[in-house]
**Student:** 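First, the structure itself, so that you have it in front of you.
In listed order, ligands and their atoms are each counted from 1.
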Amino acid sequence: MTSSSEFDAAAALFGNRFAVQDTPDNTFPEQGMSSTEAFRLVAEDLAIEGDPGRNLATFVTTWMEPEAQRLIAANLHRNFIDHAEYPRTAELEQRCIRMLADLFHAPGPTTGARTQGSSEAIMLGALSLKWKWRQRQQAAGRPTDRPNLVFGGDVHVVWEKFCRYFDVEPRIVPLQPGKYTIGPDDVLPHLDENTIGVAAVLGTTFTGHRDDIVGINDLLLQIRTERDLDIPLHVDGASGGFVWPFLYPDSAWDFRLEQVRSINVSGHKFGLVYPGIGWLVFRERSDLPDELVFKENYLGKTDETFTLNFSTGASMVVAQYYNLCRYGRAGYTYIMRNMQQNAHRLADKLEEIGRFEIIGRGEEQLPLVAFRLAGPEPFDEFDVAWQVSAERGWMLPAYTMPPDAQEVTIMRALVKETLSQEHVDTLARDIHDACATLEQKGGAHESERAKMVVGPGH
Ligand SMILES: *Cc1c(COP(=O)(O)O)cnc(C)c1O
């Protein structure tokens, strides 16, 4: 028998101890290991991870150019928040904010924040709504103890999270079967003097459509005149903020609309940067309450921060600035149009299969296909998602819609920059074949159905 020291020596010489040993998991390791061993341990563990190239569920960037990756690697050792030590990185952040304010038609110089993603941006934006509301109430001699926020059931979970974490009553407009966005008539009954704001979505996670932002803006303007209530509108452009300006430049949803006071966008979705980076942009400086900005004197300079997190990497700010310069309006438009064209092709191919109906074709939409079974089949959408994953490894989400449309099940395929026309054709064929298998075996087995976990994603 080989002694353990002989074994260790052989493993060090020939490769990998963990080929025949337990990996460290439950307890803090006593001894370390060589960097080669640690590298192989981690790399081989991840070798069987899901392949982002076949992840049709995520809105988040799964590919960047090699030059961007070089910049990311070269800036990993900088803490973004140390503005005094790293003033150039801070300047790149400010340039990104100014460029986004321009893209979103801000009327003049304004302000904003780099965040970890849209979730942090929404927390900060909604906190600003709450503070501004309190100021308005105090100025009018009205109570400040019952704030509410109005939004549709089509929002991301972060809006309910904000309400719970920061003690605001959520007033949620329910969806209906066939109606997956909201408009002014839905919002109106929920508005009163305690409404800190209305949140509208540009590109929902469920079907990729937008709320009637123009209609809601008109309603809020009317209420401002008739009832002397100034209720601000925040646009959640997590996905849409980097899509609409390029695919639908004439469709107004941003600061062209007067009541839109703040916008969030995820740099790591259609901003085409790896996670995590998001942005919050205000219409005007005065939309950010002074009390939320922390001023610190550091190294003899005053530094201002408006964030929930503190330390974080500088790389994704650098990568965002790279993308904005690299692509510009022309480049983003080219990429978005390609994605849209391939999404249309996928929708056509799915319709040709003859079993599916496409949700909201022809409307302004993110580059994705939302679809469902058109008629009764011996299987359902969850079965299709499972089967196409089992046969071909595609991660395709199937999910029920939020209330009151919870009877409706939808599948959704994101069509990203790297999903080529050839991939689209293959995917459609694989979905066709998965349906044929399911038909033959009369639906998925219960044990398979229990394994289906891909939800609406992010
Ligand atoms: C993804 C998403 C969010 C959350 O954004 P993160 O960047 O993942 O924090 C919020 N709202 C909408 C509409 C989203 O699509």
**Student:** Give the numbers and elements of all ligand 1 atoms closer than 4.0 Å to a heavy atom of Thr205.
**Tutor:**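 Once the distances to Thr205 are compared, the set is 14 (C), 15 (O).
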
**Student:** Which atoms of ligand 1 are found less than 4.0 Å from any heavy atom of Asp236?
**Tutor:**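 Checking each atom against Asp236, I get 10 (C), 11 (N), 12 (C), 13 (C).
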
**Student:** I'd like to know if the side chain of Asp154 reaches the main chain of Leu175, judged simply by a donor and an acceptor atom lying under 3.5 Å from each other, with no hydrogens or angles considered.
**Tutor:**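 No, because the side chain of Asp154 does not come within donor-acceptor range (under 3.5 Å) of the backbone of Leu175.
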
**Student:** Heavy-atom pairs closer than 4.0 Å: do any link ligand 1 to the side chain of Lys269, the backbone, both, or neither?
**Tutor:**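 Within the 4.0 Å criterion, Lys269 contacts ligand 1 through side-chain atoms alone.
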
**Student:** Test of understanding: given a 4.0 Å heavy-atom threshold, classify the contact between Ala238 and ligand 1 as side chain, backbone, both, or neither.
**Tutor:**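 Under 4.0 Å from ligand 1, Ala238 contributes side-chain atoms alone.
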
**Student:** Is there a polar contact between ligand 1 and Ser118, counting only N or O atoms under 3.5 Å apart?
**Tutor:**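 Yes.
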
**Student:** Does the distance from a Lys or Arg side-chain N to an Asp or Glu carboxylate O, for Asp102 and Arg329, drop under 4.0 Å?
**Tutor:**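 Looking at Asp102 and Arg329, the cut-off is met.
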
**Student:** Would you please test Phe371 and Phe356 for ring-ring contact (aromatic ring centres under 6.0 Å, His included) and show each step?
**Tutor:** CA-CA 6 Å; Phe371 58 107; Phe356 297 107; 5.3 Å; yes

**Student:** Can you check whether Ser119 has an N/O within less than 3.5 Å of an N/O in ligand 1?
**Tutor:**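 Yes: some nitrogen or oxygen of Ser119 is under 3.5 Å from one in ligand 1.
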
**Student:** Is any NZ, NE, NH1 or NH2 atom of the basic residue among Arg54 and Asp430 found under 4.0 Å from an Asp or Glu carboxylate oxygen of the other?
**Tutor:**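 No, Arg54 and Asp430 are not salt-bridged.
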
**Student:** Between His268 and ligand 1, which part of the residue brings a heavy atom under 4.0 Å of the ligand: side chain, backbone, both or neither?
**Tutor:**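 His268 to ligand 1: side-chain contact only, backbone stays beyond 4.0 Å.
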
**Student:** Just jot down the ligand 1 atoms closer than 4.0 angstrom to any heavy atom of Ser239, in number order.
**Tutor:**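 Taking each heavy atom of Ser239 in turn, ligand 1 has 15 (O) under 4.0 Å.
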
**Student:** Considering only NZ, NE, NH1 and NH2 on the basic side and carboxylate oxygens on the acidic side, decide whether Glu193 and Arg146 come within less than 4.0 Å.
**Tutor:**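 No salt bridge links Glu193 with Arg146.
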
**Student:** For Arg361, is there an ion pair with Asp348 - N to carboxylate O distance below 4.0 angstrom?
**Tutor:**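 A salt bridge is present here (some side-chain N lies under 4.0 Å from a carboxylate O).
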
